[in-house]
Colleague: 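Before we start, here is the structure in question, set down as structure tokens.
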Amino acid sequence: MNFEERIRCDRIKNKVMSAEEAASLIKDGMTIGTSGFVTGGPKAVPLAIAERYKNEKIKLNLYTGAIVGDELDGAFAREGLVDKRIPYQTNKDMRNAINNGSVKFIDMHLSHMPQQIRYGFLGKIDFAIIEATAITEDGNIIPTMSVGNSPTFVSTADKVIVEINTSQPIELEGMHDIYEPKDPPYREPIPITKVSDRIGVPYIPCDSDKIAAVVFSDMKDTTLQLTSINETSKKISDYLIDFLQTEIKRGRLPKTFLPLQSGVGNVANAVLAGFIELKYNNLNLYSEVIQDAVLDLIDADKIEKVSGTALTLSEEGLKRFYANINKYKEKIILRPQEISNNPEVIRRLGVISINTAIEVDIYGNVNSTHILGTKMMNGIGGSADFTRNAYISIFATPSTAKDDNISCIVPMVSHVDHTEHDVMVVVTEQGLADLRGLSPKERAMMIIKNCAHPDYKDALMNYYERSIKKHGAVQTPNLLDEAFLWHTRCLNTGNMKI
Ligand code: COA
């Protein structure tokens, strides 16, 4: 490791200390804001904090970009260190702590979080703990595999702990584009008119006097496990690609295509992988996460430019990325989540959003976050940042879950994340429902007919027809005493079927 290359600022060389010493700076009741968006979170310092306080049970508020590794969410949850957690997580111990009430979780639109911190709505950030590739001559921070909320944590925190990760290649430098908007009444238009526009600086600006500690580590990111592309996701992808090509033929999408956003998880990755079959060689992605399928598209020469806030690759994907970092770097820009998910930019660019649902109801409302209406899965993430502002907003989901015991098309969603007003297209392996220009009753017919699994189609139609019989053809027919019967039956028996 070349120490001078990693820490170029002479003024802070005397701040280098062990993770244990840095952990001692964190005190009960503090709010810490960390880097991390699947990748790029600090590791050695959080583990040292969890170890130091495991018998003292102090409480901290933990704010991150989004998902962080087990060294942070898992270790903190197991030691009972977290009071409040914002804005997104997928760790099983953190999820359990949220669902058993020991952690207060605020599920927040990812683009809202940095401005709400600057506005003071979420309290003061005591410490920013940021994973870095290097620190520049002036004390500025070069992030690693994600940007997330780090610029705002650094600009608003009282003090900063930098964890320099020497397992991250120095070649990451230059991949980031950091821009923090001013707050109203001084906010200006964000000057992105093309996915490839760079509008900021390649480092997180940081006053070197704020840096309280620099810790060296070489711990690797925990990678995402993606399941292989199966028949269901292949069918979903085929329906979607067919739909988008028809849109071009009808003149409702430009021949040059529009930038794509693709959400998190297995389904989203598989859907994007299907774009490899498209004849276009100049696709642009204006997305939040960059999953493995994007590397496939770059390798197949299908990509002009990709903008996101995080590289969220599987182990295999990471190996590929590191092996060809300079090639991928040319195509990828990593931005703060406030910019990657910015409604103003998403609407200006005309992004086509593709996100995944847990369940969709017959009128097109979508639940992305809650299992059976009560238990938190991961969070809304950036799905609504994109959905509400997209040129075409698409939700993809298998039509059933848990060996067909659960229908993902239900009479009424048990929790609403995306309303019928925001959702334009629903697609399952059964087919695609284009809801644009349809009234609620037309939408119901289309969703049941095209998207529901055969095991549930008749029951959904029966529910819909009895709703009309009971109330007449009102705007949105529903049987309120029956709308959640499928969910309660599933809670009692593990099965939604009658
Ligand atoms: N009821 C109960 N469980 C359900 C379900 C339902 N209706 N639908 C899906 N599930 C379960 C699956 O069985 C699976 O469980 P397992 O982990 O025990 O196997 C799990 O939820 C994940 O489902 P999967 O089909 O593998 O989808 P995914 O990995 O694509 O994740 C979401 C789907 C909705 C959970 C995920 O996309 C998400 O968190 N979205 C919200 C945030 C977001 O969209 N961010 C993108 C912004 S850029």
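Because the structure is a prediction, the values reported are computed rather than measured. Whatever order the structure lists ligands and atoms in, that order sets their numbers, starting from 1.
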Colleague: Which is closest to atom 9 (C) of ligand 1 in terms of heavy atoms, G381, S368, A401?
Modeller: A401
Colleague: Would you check the N or O atoms of K402, main chain and side chain alike, for any that come under 3.5 Å of an N or O of ligand 1?
Modeller: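 Yes.
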Colleague: Considering only protein heavy atoms, which is closest to atom 22 (C) of ligand 1, and at what distance to one decimal place?
Modeller: M377 CE, 3.8 Å
Colleague: Heavy atoms only, cut-off 4.0 Å: how does I371 contact ligand 1, side chain, backbone, both, or neither?
Modeller: side chain
Colleague: Please list the nearest protein heavy atom to atom 28 (P) of ligand 1 with its residue and the distance rounded to 0.1 Å.
Modeller: N266 N, 3.8 Å
Colleague: May I ask you to list the atoms of ligand 1 that are less than 4.0 angstrom from any heavy atom of G382?
Modeller: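 Answer, ordered by atom number: 47 (C).
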Colleague: Between S383 and ligand 1, which residue portion shows a heavy-atom distance shorter than 4.0 Å: side chain, backbone, both, or neither?
Modeller: both
Colleague: Does at least one non-hydrogen atom of C490 fall below 4.0 angstrom from an atom of ligand 1?
Modeller: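 C490 does not count as a contact of ligand 1 under the 4.0 Å cut-off.
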Colleague: Hey, is V289 one of the residues with a heavy atom under 4.0 angstrom from ligand 1?
Modeller: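 Contact check V289 vs ligand 1: negative.
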Colleague: Taking 4.0 Å as the limit for heavy-atom contacts, which would you say applies to T356 with ligand 1: side chain only, backbone only, both, or neither?
Modeller: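 For T356, backbone and side-chain atoms both sit under 4.0 Å from ligand 1.
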Colleague: Taking heavy atoms and a distance under 4.0 Å, where does D385 meet ligand 1: side chain, backbone, both or neither?
Modeller: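 Answer for D385: neither.
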Colleague: Could you identify the single nearest non-hydrogen protein atom to atom 46 (C) of ligand 1 and state the distance to 0.1 Å?
Modeller: N355 OD1, 3.4 Å
Colleague: For residues 334-375, which residue pairs pass the ring-ring contact (aromatic ring centres under 6.0 Å, His included) check, not counting sequence neighbours?
Modeller: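 For residues 334-375, and leaving out neighbouring residues, the ring-ring contact (aromatic ring centres under 6.0 Å, His included) pairs sorted by first residue read H370-H415.
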Colleague: Show me the pairs that pass side chain to side chain donor-acceptor pair (under 3.5 Å) and involve residues 447-457, at least two apart or across chains.
Modeller: D455-K497
Colleague: Out of D417, I358, T369, who gets a non-hydrogen atom closest to atom 8 (N) of ligand 1?
Modeller: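 Answer by nearest heavy atom: I358.
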Colleague: In terms of residue, atom name and distance, what is the protein heavy atom nearest to atom 41 (C) of ligand 1?
Modeller: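 Sorting protein heavy atoms by distance from atom 41 (C) of ligand 1 puts G379 O, 3.2 Å first.
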